[in-house]
*Asks:* 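For reference, the structure I am asking about is given below.
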Amino acid sequence: MEQRDRLQLLLEYANELPALPERYREDPTLLERVEECQSPVFIFVDVDDVSRVHVFATAPAEAPTTRGFASILVQGLDGLSTSEVLATPGDFPQTLGLTALVSPLRIRGMTAMLARIKRQVRERIAG
Amino acid sequence: MTVAFDPAEKFRSYARPERLVSTGWLAAHLDVAGLVVVETDEDVLLYETGHIPGAVKIDWHTELNDPVERDYVDGTGFAELMRAKGIKRDDTVVIYGDKSNWWAAYALWVFSLFGHEDVRLLDGGRAKWEADGRPYSTEHPNIEPSDYPVVERDDSKIRAYKAEVLAHIGNPLIDVRSPEEFSGERTTAPAYPEEGALRAGHIPTAQNVPWARAAADDGTFKSTAELDAIYRAGAGLEDGDSIIAYCRIGERSSHTWFVLTHLLGFADVRNYDGSWTEWGSAVRVPIVIGPEPGEAPRS
């Protein structure tokens with residue numbers, strides 16, 4: 001895939017990031033800030049009655065790269081079982097072919113998002 | 001031939017008024033031959049969401065830096081980049097971007113390392129362009145590759161290395177990071193923890209003047225009088241001073257370098273791009289913690 005196509009795809013992901021459900025919009029304290037990201041991005045993980053994982057994220061429109069990263073994780077992980085999410089390799093973001101395109105530094109933000117999602121899944125299982 | 005300067009009243013009191021253009025001037029000059037508009041943002045995708053019609057994108061991270069060593073591209077690399085972007089050596093380049101032109105100023109400084117003569121900033125950057133209600137385009141411009149010559153980078157005048165900073169302690173040194181980073185409460189910029197250092201604090205005798213103090217609320221540069229109050233009256237800089245500015249990786253201090261050099265007219269200002277990510281991890285360099293500049297170490 002051409003570099004420009006990859007960027008375009010990431011932008012499409014950014015545009016597809018679903019808006020937060022009403023219940024989370026009303027209580028921003030539920031959301032966890034991903035400190036490793038340069039732009040303010042917040043994530044929240046929910047595990048439903050049949051152990052399926054639901055991932056919610058929000059990031060500002062002027063941070064499309066961050067939105068794209070969050071959207072890839074939301075679309076890729078939402079609906080998986082807790083064990084499937086926990087089995088996702090921690091270096092998954094480095095395997096997308098984006099590292100050279102967006103720089104290793106920026107990819108670290110996505111790695112941090114994934115780590116926080118997995119940690120929240122563990123907390124929900126334990127909790 | 002370079003394009004005529006923006007005669008805006010606001011710019012006249014700056015030392016180098018020709019280094020800035022206003023949004024109105026740019027909108028009226030977009031089709032002028034010899035003018036290339038460049039967008040440089042922190043976010044690598046922001047350009048794709050919409051940019052000033054005809055603007056080309058240069059990413060500071062993936063295009064201005066050497067991909068292997070911690071350094072900028074060399075003369076060949078810069079020439080190849082300029083050719084690919086359709087920029088000629090005698091073109092007027094207007095750079096703009098997000099975050100009060102923080103990254104745009106960084107790109108301008110790198111252009112200056114290669115001696116590109118006419119390179120300007122759009123006062124206020126993206127935020128001002130948007131606030132003025134001016135249009136964006138998502139079309140990629142048709143670029144005609146240029147014949148930009150290979151010009152070797154000149155690091156001697158506006159770039160400082162660690163050893164030079166070490167020798168400079170006690171002379172005017174401006175730390176443009178946040179007060180928390182300066183005092184040593186944190187090693188990273190708020191929200192930038194991935195660009196850390198092993199030790200916290202600042203270079204002895206440095207004055208803390210956070211970069212954003214030079215920007216007004218709308219992202220444009222403050223007036224000469226306001227800038228004089230910050231840098232001359234506040235930080236004690238005087239004409240004739242040799243000044244080094246630094247931050248974390250050299251981007252925020254590029255913004256300050258632009259202000260000191262082109263707006264206030266200081267003749268000898270260097271940007272220490274190694275900055276805190278180098279100094280704060282280097283072995284046996286002096287560090288001061290706390291809010292005061294501190295003393296130069298006794299030699």
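Any value given below was found using the heavy atoms of this structure, including those in side chains, with hydrogens, waters and symmetry copies removed. To find a chain, count down the sequence lines: A is the first, B the second, and so on, and within it residues start at 1.
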*Asks:* Below 4.5 Å from any heavy atom of chain B, which atoms of R67(A) appear? Answer side chain, backbone, both or neither.
*Replies:*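 Contact with chain B involves no heavy atom of R67(A) at all.
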*Asks:* In this structure, are over 12 heavy atoms from other groups packed under 6.0 Å from D48(A) atom CG?
*Replies:*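 Yes, because the 6.0 Å sphere around CG of D48(A) holds more than 12 heavy atoms from other groups.
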*Asks:* Might you point out which heavy atoms bring T62(B) and V102(A) nearest each other, and give the distance in Å?
*Replies:*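 Heavy atoms only, the tightest pair is CG2-C, 4.1 Å.
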*Asks:* At a heavy-atom separation under 4.5 Å, does D59(B) approach chain A through its side chain, its backbone, both, or neither?
*Replies:*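 D59(B) touches chain A through side-chain heavy atoms alone.
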*Asks:* Can you name the closest pair of heavy atoms from E48(B) and L7(A) and give their distance?
*Replies:*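 Nearest heavy atoms, E48(B) then L7(A): OE2-CD1, 3.4 Å.
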*Asks:* Of D41(B), L45(B), L46(B), which is the lone residue that meets side-chain contact (heavy atoms from CB on, under 4.5 Å) with T65(A)?
*Replies:*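 It is L45(B); the other options fail the test.
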*Asks:* Could you walk me through whether D43(B) and E62(A) pass the side-chain contact (heavy atoms from CB on, under 4.5 Å) check?
*Replies:* CA-CA 8 Å; D43(B) 192 297; E62(A) 62 271 20; over 6 Å; no
*Asks:* Quick one: does S103(A)'s side chain have a donor or acceptor within less than 3.5 Å of a partner on H61(B)'s backbone?
*Replies:* no
*Asks:* With a cut-off of 6.0 Å (strictly less than), are more than 12 heavy atoms of other residues, nucleotides or ligands near CG of D91(A)?
*Replies:*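 More than 12 heavy atoms, drawn from other residues, nucleotides or ligands, come within 6.0 Å of this atom.
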*Asks:* Are H140(B) and R4(A) close enough, and set up right, to give a side-chain contact (heavy atoms from CB on, under 4.5 Å), and what steps lead you there?
*Replies:* CA-CA 10 Å; H140(B) 284 273; R4(A) 187 182 286 184; 3.5 Å; yes
*Asks:* Might you confirm whether atom CD1 of I289(B) has over 12 heavy atoms from other residues, nucleotides or ligands at distances under 6.0 Å?
*Replies:*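 Not buried by this count: 12 neighbours or fewer within 6.0 Å.
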*Asks:* Give me the atom names and distance for the closest heavy-atom approach of T49(B) to L11(A).
*Replies:*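 So the minimum-distance heavy-atom pair works out to CG2-CD1, 3.5 Å.
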